[in-house]
Number of protein chains: 2
Amino acid sequence: MATTLRDIARLAKVSVATVSYVLNGVAKVSPQTRERVLAAMNQLNYYPNAIAKSLVKQRSHVLTLFLQDITNPFFPAVAKAVEDVAVRAGYSVILYNTGDQEEKEAAYVQMALEQRVAGIIFCTVRNRAAVQSALDQGTPVVIIEWPGNIPGTDVVQVDNVLGARLGTEHLIQLGHRRVALINWVLGSVIAGDRLKGYKQALAAAKIPFDPALLATYDFNDPDRDAVILKLLALPDPPTAVLAVSDAIAIATMRTLHRHHRRVPRDLSIVGYDDTLAALSTPQLTSVAQPIYQLGTTAAQLLLDQDRKRHPRRVTLEPTLVVRDSTAERRQLRRQ
Amino acid sequence: MATTLRDIARLAKVSVATVSYVLNGVAKVSPQTRERVLAAMNQLNYYPNAIAKSLVKQRSHVLTLFLQDITNPFFPAVAKAVEDVAVRAGYSVILYNTGDQEEKEAAYVQMALEQRVAGIIFCTVRNRAAVQSALDQGTPVVIIEWPGNIPGTDVVQVDNVLGARLGTEHLIQLGHRRVALINWVLGSVIAGDRLKGYKQALAAAKIPFDPALLATYDFNDPDRDAVILKLLALPDPPTAVLAVSDAIAIATMRTLHRHHRRVPRDLSIVGYDDTLAALSTPQLTSVAQPIYQLGTTAAQLLLDQDRKRHPRRVTLEPTLVVRDSTAERRQLRRQ
DNA sequence: TTGTACGCGTTATCAA
DNA sequence: TTGATAACGCGTACAA
């Protein structure tokens, strides 16, 4: 059996209250008793029982991080960041992979609430009701990258319009006028914002927007490479591509390779996220998201919530990392 | 305030004990009272308090996973696997990144023990004392990939001798006789086992072992590429390379590329782990580790420990995944 | 089948 | 500066 405050009290010939005082430094304790208590704790190899503490405080020293899938290269850095901040404040972090499934989200929120966790960070959510049930139960919530508004939650996000604009502008500055955008299936706010940034860059350079240069990539589609071939088959094909993730960019490069287009000689490519960018050959130019900072900010907001009660929204800025997958547009032929 | 058993008991006009019974299905409760209680629970939007439950049971429904760095592509799959098994059994998973630092390991073990976690999985450990303190406190421990013996712990590992042998044999079968091994700094049991497997494959093919073909790669060394150039500068240079991780293989490929060696035309390369292998160009042939299975097995062992009390050791087998980075040895010149 | 009462290890509120 | 003691929410002998 683990030793308890009572055991120490007995050994040190004081009351449990006194032991608790020296443990938490909350009340004045005379140096002599303090010493006696510390000695007893040492002798009995005492570990405080966080559970009992939590029962009194009605909150455990545990944060919860919800994400879609830790196996997706975007998330590990978030998890690391949250843990770094949490641990420094004496909190542990529980991780839940929701797989973007509403039922799992609901079930895991339920588990988290039963544990009386000190707060929840959603890095990805679909189930608004689940979020709401956490708020109803009084658990602080921070949401990462969810542009929808849920009153009572803090939000941390990255400026997606700016990111897409940066990537597109870079290509335009290299002389490209036919820039394709390979996006996710439209519908999400993020995909919409990326498109918006892309259009802004075109407009600023007075390049007309051509819907034919818009493609939609879906990893679940067995015929997913068709959209890329379709771009290549255009009468006036793109000389550059902005992909909305490094994974898509790499998949695109592979398809291009198979069809004897060379990067960046024949086509320039910009990725997004800067997670896999350094691994590919050639190394990808990519729009870097401040992923780690996303996590630390979220954790800080969460741990702060008691003090400042108003919902807050923090927007971080992406940056462009130039590597080897982008180059000046080749002049094809003199006219 | 959250609603408690007492609130429900009051509303349903029964005792708290009865409410507890229907909650856990432990004693016979008449259908009528059962219904009344469930209705009351529903009406009051009751969340069981896992903390109070844990205090009684002296164990929380939380597992702990220690790993070096979730940002390293080996670990996310382990984390996912552990979580999948844990959640199915009603457990949550706390994650700690130790960064391979003994002090952090000790501090996090302390935190875990204070939380009275139901068990700890170490996927990476340096600090034997920390492990021991967990065992002393009666917390079940499973260790992944640690060949050292700590009595009282279960161990899950992958056969590293076999893995290195598979990779080397593949290259030998392709006609290569000069196969380099790019290993970590020697000293760890894993590095030793990989070397052993490499030697076994050479011996089986009656190829003499040449220490000049052994290299040590260290990502922290600013001059880390020198070891590769040294291999290339040998009088009789290797035509194939086995690297002990995909990351090293990719770094090697990049260096080769810079020095105008083409893969697999001039050199064949085999990676290890099969984590990044599919991302590179050309895609890497790699020794695949059953990473996910490593995690599920560890979690199952942990959740089982109460029943079977004897320490167990499970060894899983790696497999070879052939892709585009290996090819038959070119006949350089007819003699 | 149901109720009473105690214990789990702390913190916190009083008194002393 | 210390000590008794009542919570905290739940499980569970034991009694009814």
Side-chain angles (χ1 to χ4, degrees), chain A residues 1-38 40-41 44-62 90 111 113-118 137-138, chain B residues 1-38 40-41 44-62 90 110-111 113-118 137-139:
Chain A
M1 301 300 91
T3 71
T4 74
L5 281 195
R6 206 183 313 275
D7 301 325
I8 297 172
R10 195 161 24 227
L11 182 61
K13 297 190 193 308
V14 294
S15 73
V16 287
T18 305
V19 180
S20 177
Y21 294 152
V22 344
L23 208 58
N24 302 304
V26 58
K28 291 288 153 209
V29 178
S30 78
Q32 308 91 292
T33 41
R34 167 185 213 76
E35 276 315 312
R36 274 217 318 285
V37 169
L38 288 175
M41 276 174 41
L44 294 180
N45 188 29
Y46 171 72
Y47 286 89
N49 186 324
I51 295 176
K53 207 177 304 193
S54 299
L55 182 60
V56 176
K57 297 295 190 67
Q58 286 298 295
R59 278 293 161 207
S60 72
H61 258 51
V62 175
M111 288 177 75
L113 296 185
E114 292 186 4
Q115 309 265 0
R116 301 299 193 265
V117 298
Q137 203 247 13
Chain B
M1 303 295 89
T3 71
T4 73
L5 282 195
R6 206 186 311 278
D7 301 325
I8 297 173
R10 194 156 29 222
L11 182 60
K13 298 192 193 309
V14 295
S15 74
V16 287
T18 305
V19 180
S20 176
Y21 294 151
V22 344
L23 210 57
N24 302 307
V26 57
K28 289 293 152 205
V29 178
S30 78
Q32 308 92 291
T33 40
R34 171 188 209 73
E35 276 315 311
R36 276 220 313 285
V37 169
L38 288 175
M41 276 172 42
L44 293 178
N45 188 26
Y46 173 72
Y47 286 88
N49 186 324
I51 296 175
K53 207 177 305 194
S54 299
L55 182 59
V56 174
K57 296 296 190 63
Q58 286 298 297
R59 278 294 162 207
S60 73
H61 258 51
V62 175
Q110 172 84 22
M111 288 177 75
L113 296 184
E114 293 187 3
Q115 308 266 359
R116 300 297 193 264
V117 298
Q137 202 247 13
T139 302

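Below, all heavy atoms of this structure are taken into account, side chains as well, without hydrogens, waters or symmetry copies. By convention in this document, chain letters (A, B, ...) are assigned in the order of the sequence lines, proteins followed by strands, and residues within each chain are numbered from 1.
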Quick check for you: among dC8(C), dG11(D), dT10(C), whose closest atom lies nearest to any side-chain atom of Asn24(B)? dG11(D)

Please give, in whole Å, the distance from dG9(C) P to Lys53(A) NZ? 14 Å

Please evaluate residues Leu23(B) and Met41(B) with respect to the criterion side chain to side chain contact (heavy atoms under 4.5 Å, CB included), reporting the C-alpha separation (whole Å), side-chain torsions for both, the decisive distance (0.1 Å), and the verdict. CA-CA 10 Å; Leu23(B) 210 57; Met41(B) 276 172 42; 3.7 Å; yes

What's Val29(A) touching, base or sugar-phosphate or nothing? Going by heavy atoms closer than 4.0 Å. sugar-phosphate

Hey, is the side chain of Thr18(A) poking within less than 4.0 Å of OP1 or OP2 on dG3(D), counting only N and O atoms? yes

Looking at CG of Leu55(B) and CG of Leu55(A), how far apart are the two atoms once the value is rounded to the nearest 0.5 Å? 5.5 Å

Taking the side chain of Ser15(B) as its heavy atoms from C-beta onward, which of dT10(C), dT12(D), dG3(C) lies nearest to it? dG3(C)

Any donor-acceptor pair, under 3.5 Å, between the side chain of Tyr47(A) and the base of dT10(C), if you only look at N and O atoms? no

In Å and rounded to the nearest 0.5 Å, what is the CZ to CD distance from Arg116(A) to Gln58(A)? 6.5 Å

Rounded interatomic separation in angstrom, taking CD from Glu114(B) and P from dG9(C): 15 Å

Contact class for Ser30(B) vs. all strands (heavy atom < 4.0 Å): base, sugar-phosphate, or nothing? sugar-phosphate

How long is the span from the CZ atom in Arg59(A) to the CD atom in Gln115(A), to the nearest 0.5 Å? 12.0 Å

Arg6(A) has its side chain closest, among dC10(D), dG9(C), dG11(D), to dG9(C)

Expressed as a whole number of angstroms, how long is the span from Lys57(B):NZ to dG9(D):C1'? 14 Å

With a non-hydrogen cut-off below 4.0 angstrom, is Thr33(B) in contact with a base, only sugar-phosphate, or nothing? sugar-phosphate

Starting at OH of Tyr21(B) and ending at P of dT4(C), how long is that distance when rounded to a whole Å? 12 Å

Among dG9(C), dT2(D), dG11(D), find the nucleotide with the atom closest to the side chain of Ala52(A). dG9(C)

Looking across every strand, which nucleic acid part, if any, lies under 4.0 Å from Leu5(B) by heavy atom: base, sugar-phosphate, or nothing? sugar-phosphate

Tell me: CG of Leu55(B) to P of dT12(D), nearest whole Å? 13 Å

Round to a whole Å and report the spacing from CZ of Arg34(A) to C1' of dT1(D). 13 Å

By nearest heavy atom, map Ala17(B) and Lys13(A) onto DNA chain D; which one lands nearer the 5' end? Lys13(A)

Whole-Å distance separating the CG atom of Asp7(A) from the P atom of dG9(C): 8 Å

Please tell me if Gln58(B) has a side-chain N or O lying less than 4.0 Å from either OP1 or OP2 of dG9(C). yes

Starting from P on dG9(D), measure out to CG on Asn49(A) and report it in whole angstrom. 17 Å

Step by step, work out the side chain to side chain contact (heavy atoms under 4.5 Å, CB included) result for Val37(A) and Leu11(A). CA-CA 8 Å; Val37(A) 169; Leu11(A) 182 61; over 6 Å; no

